Amino acid sequence: MSHDLFEAARAAMEKAHAPYSRFPVGAAIRTTDGRIYAGANMEVASYPEGWCAETTALGHYLMDGGGEIAEVAVVAEKMARITPCGGCRQRLAEFGRPETRLHLCDDAGIVETTTLGALLPHGFSGETLK
Ligand code: THU
């Protein structure tokens, strides 16, 4: 059922701009009302200024109205079962919920499904700032 989300992530990965790391990554987000937003990592010559696939996908999602996230998929060309970096865990947690499903993929499909909460236990939350 979530294979289409993996395919969206893989298709996005084909558009990665990763000439420095040569480590293309794709991510895709599905909202509970069925919209899909995908993204790839985008590197620049000044290395720290680039960003991750998850962040590109979140940008598309937010600019199209955001909403409740049902599931997320991440895939990397050179790594089976990639997990989002620490910064992206925080960014995904901002818009998802602890129980939001996160699919870790290889080049054929979903390898493991976990949750955002499992990847960022005891995370810093916006609740703290209220
Ligand atoms: N990268 C992602 O796009 N997502 C992750 O969760 C981990 C890392 C990218 C950033 C950089 O362009 C390349 O992978 C190597 O770190």
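Being a predicted model, the structure only gives us computed values, none of them experimental. Numbering of ligands and ligand atoms starts at 1, following listing order.
The salt bridge (Lys or Arg N to Asp or Glu O under 4.0 Å) test applied to E127 returns K130, not counting sequence neighbours. Scanning for ring-ring contact (aromatic ring centres under 6.0 Å, His included) contacts around Y37 gives an empty result, with sequence neighbours left out. Residues that satisfy the salt bridge (Lys or Arg N to Asp or Glu O under 4.0 Å) test with E112, not counting sequence neighbours, are R81.
Side-chain N/O atoms of R89 and T83 include a donor and acceptor closer than 3.5 Å.
In this structure, ligand 1 sits under 4.0 Å from heavy atoms belonging to S21, F23, V25, N41, E43, C52, A53, E54, T83, P84, C85.
Ring orientation note: the planes of Y20 and H17 are nearly perpendicular, at an angle over 60° on the 30°/60° scale.
No more than 12 heavy atoms of other residues, nucleotides or ligands lie within 6.0 Å of OH in Y47, so this atom counts as exposed by the packing criterion.
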